[in-house]
Amino acid sequence: MGLGVLETSRFEKVPGTSFVYDDASRPPQDGELDCRLKYDRSGAVPIIFVPQPSDDPNDPLNWPLWKRDMILVILSTLSVIASTLSPLLAANTVTLSLLFDKDFAAMALATGYHLLGVGVAGFLFVASARVWGKRHLYLLGTVLIVVSSAWGGSTAYNYKSLVWARVIQGVGLAPFEALVNASVGDLFFVHERGKRMALSNLALFGGAFFTPILVGKITHTIGWQWSFYFVAIFCAAMLPFLFFFVPETAFRRDDSFNTDIRGEEPVQHGAAHKNRSVNGEGHSYGSNIEKQPGSLSEGSSPKPIPHKVSLARSLLPFNGRKTDENLFKLVLRPLPLFLHPAVLWACLIQGTLIGWTVMIGVVLAAIFLGPPLWFSEVQTGYMYTGPFVGAVLGFLLAGLLADWSAKVMIKRNQGVYEPEFRLVLVVAQMILGCAGLYGFGITSYNVKRYGWFWPDFFFALEVMGMVLGAVASALYIVDAHREIAVESFTCLLIFKNVFSFGLTWGAYNWIVAAGILKVFYIIGSVQIGICLLSIPMYLLGKRNRAFFNRHDILKMTHLW
């Protein structure tokens with residue numbers, strides 16, 4: 001038993017379980033380094049790369065760290081801009097309902113249909129990413145955002161035209177919501193992912209909360225149309241950076257290098273140690289595997305190292321197929337994964353708090369624009385300062401806890417990494433997120449007594465919990481089930497956007513009928529129950545990984 005993670009009943013390779021030895025965690029009998037493996041020697045002690053990089057110079061794991069970080073920064077910057085689209089109407093919903101002569105619920109649905117567009121497009125785009133990689137989808141998404149944002153700003157007061165522009169904006173947003181976290185898995189090793197996954201999630205969620213702060217002021221000063229035009233301008237400005245500096249991150253790597261997918265317990269523990277180098281010398285990052293270039297398997301013949309792809313070819317939207325699988329099967333592949341306990345858990349942990357956040361955004365204007373505070377649209381937009389600060393603090397806390405907690409637990413577990421170690425972040429999510437939901441309901445129910453500050457404060461706590469949950473679920477999926485990470489993120493995208501669409505459809509009427517206090521008591525209690533599902537997930541996660549490795553749900557449905 002590794003720190004409470006229950007072992008399987010048989011000796012088998014369990015995907016996700018990896019050895020990330022350093023000198024402090026290595027058992028005494030295992031003091032030598034394995035000459036077949038590559039290590040990160042940048043620190044005081046060597047750390048095994050998981051997954052192992054190949055000898056191919058085109059393998060993203062062989063790129064310099066500054067290049068991989070630059071790619072992440074560009075994708076994160078575009079994610080910030082793209083994520084502004086979902087709450088673009090939040091601060092001025094009431095104003096637009098008067099201008100378009102539509103009721104409050106109809107204007108909320110302009111956001112709802114946008115979210116539905118994200119979910120449907122993501123469902124299709126992820127299959128395309130599996131076959132041809134992610135670069136062409138990032139380029140397509142950026143172009144669609146530019147075009148649809150220019151369209152949205154020029155709709156005058158045509159409600160149908162605005163709704164369709166919002167739907168296309170959702171299609172443009174989909175690649176960033178669905179694929180950026182998966183690109184983190186493409187670009188970084190397990191021990192590098194924590195703070196970078198936190199950054200990518202901050203980009204997706206932080207921008208969403210900063211947007212209304214600006215939109216209220218923009219609408220009041222130069223007109224609501226410019227909130228659309230600015231998105232088009234900034235996205236167009238980022239397009240050259242995306243085109244020239246973000247190559248394809250998907251890579252066809254030999255399975256022998258995917259040590260996190262294959263499971264390494266039998267390979268690196270016990271009898272396998274007899275194959276270790278007697279001189280104790282390991283390999284630093286970027287060095288070749290001396291015994292079998294191109295493979296970790298003993299007895300295989302050396303494979304020639306490919307040439308580095310030319311700059312001109314790397315700029316192409318498509319750089320060859322990344323899989324030989326059938327596209328139609330890939331489109332359907334995410335659907336059975338909703339029955340996979342780990343994927344369903346991730347959907348609930350991430351998707352429900354995102355949905356509650358959308359719900360707060362839908363009702364926020366109605367709460368503060370009316371009596372007793374009578375906020376203007378500018379003041380209502382400023383109410384998103386709290387959740388924006390919460391998103392930043394959530395990012396910092398997640399970045400601090402994600403890698404630190406994993407390293408501490410790896411050392412206590414004698415160098416063995418279990419993906420379930422990522423689930424400790426849910427403790428912070430439950431404390432902060434649920435306190436935020438309860439607190440927002442209590443203070444928003446009586447804003448005459450509590451004023452604007454306390455609802456904003458609890459909104460910030462709820463968003464902190466949301467970011468922590470998003471990072472925890474994304475890290476767990478990438479680390480525990482990287483072979484189905486793209487399809488799993490599709491499930492997350494579908495769930496959170498369909499769930500959020502349902503809330504935009506009925507949240508306002510639900511609150512009017514039941515009252516804000518009762519509604520937030522209910523959803524806060526539901527969220528506690530969802531967070532508590534992490535306990536059996538932590539205890540049984542390894543057995544779940546082993547079970548679905550033996551009984552592959554995708555192979556059983558003939559979709560793999």
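This structure is a prediction, so every number in the text was calculated from the model and none was measured. We count residues from 1, following the sequence as given.
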State whether the side chain of [X] and the backbone N or O of [Y] hold a donor-acceptor pair below 3.5 Å, judged by distance alone.
X      : Y      : result
Asn326 : Phe328 : yes
Arg545 : Pro15  : yes
Lys38  : Ser54  : yes
Glu420 : Met537 : no
Gln52  : Phe49  : yes
Asn497 : Leu493 : yes

side-chain hydrogen bond (donor to acceptor under 3.5 Å, both in side chains) involving [X] - partner list, sequence neighbours excluded:
X      : value
Tyr113 : none
Ser525 : Tyr438
Ser488 : none

Please list every donor-acceptor pair under 3.5 Å in which a side-chain atom of residues 339-348 meets a protein atom from a residue at least two apart or in another chain.
from   : atom 1 : to     : atom 2 : distance (Å)
His340 : ND1    : Ala342 : N      : 3.2
Trp345 : NE1    : Ser534 : OG     : 3.0

Within-4.5 Å side-chain heavy-atom neighbours: [X] and [Y]:
X      : Y      : result
Phe188 : Leu61  : no
Leu539 : Val5   : no
Leu554 : Arg333 : yes
Glu483 : His481 : yes

> Taking atom CH2 of Trp510 as the centre, does the number of heavy atoms from other residues, nucleotides or ligands within less than 6.0 Å exceed 12?
Replying inline: yes
> Got a sec, which pairs hit salt bridge (Lys or Arg N to Asp or Glu O under 4.0 Å) with one end in residues 489-508, sequence neighbours left out?
Replying inline: Glu177-Lys496
>> Once salt bridge (Lys or Arg N to Asp or Glu O under 4.0 Å) is applied, what residue pairs with a partner in residues 112-131 remain, sequence neighbours excluded?
In response: Arg130-Glu487
Distance in Å, [X] [atom1] paired with [Y] [atom2], rounded so as to fall on 0.5 Å steps:
X      : Y      : atom1 : atom2 : value
Leu468 : Ile349 : CG    : CD1   : 11.0 Å
Ile71  : Leu242 : CD1   : CG    : 10.5 Å
Leu75  : Met70  : CG    : CE    : 10.0 Å

> Passes side-chain contact (heavy atoms from CB on, under 4.5 Å), Leu179 versus Leu137? Steps please.
Replying inline: CA-CA 9 Å; Leu179 300 174; Leu137 293 169; 3.7 Å; yes
Residues in ring-ring contact (aromatic ring centres under 6.0 Å, His included) contact with [X], at least two apart in sequence or another chain:
X      : value
His558 : none
Phe499 : Trp356, Phe495
Tyr521 : none

Using the salt bridge (charged side-chain N to carboxylate O under 4.0 Å, His left out) criterion, which residues pair with [X]? Sequence neighbours excluded.
X      : answer
Arg321 : none
Asp69  : Arg196
Arg166 : none

> With the threshold set at 4.0 Å, does a side-chain nitrogen-carboxylate oxygen contact exist between Arg252 and Asp324?
Replying inline: yes
>> Strictly below 4.0 Å, N to O, side chains only: are Lys542 and Glu7 in salt-bridge contact?
In response: yes
> Where do Pro387 and Asp456 come nearest, in terms of heavy atoms and distance?
Replying inline: CD-OD1, 3.5 Å
>> Less than 6.0 angstrom separating the ring centers of Phe440 and Phe520, yes or no?
In response: yes
> In this structure, which one of Ser86, Pro87, Ser500 forms a side chain to side chain contact (heavy atoms under 4.5 Å, CB included) with His114?
Replying inline: Ser86
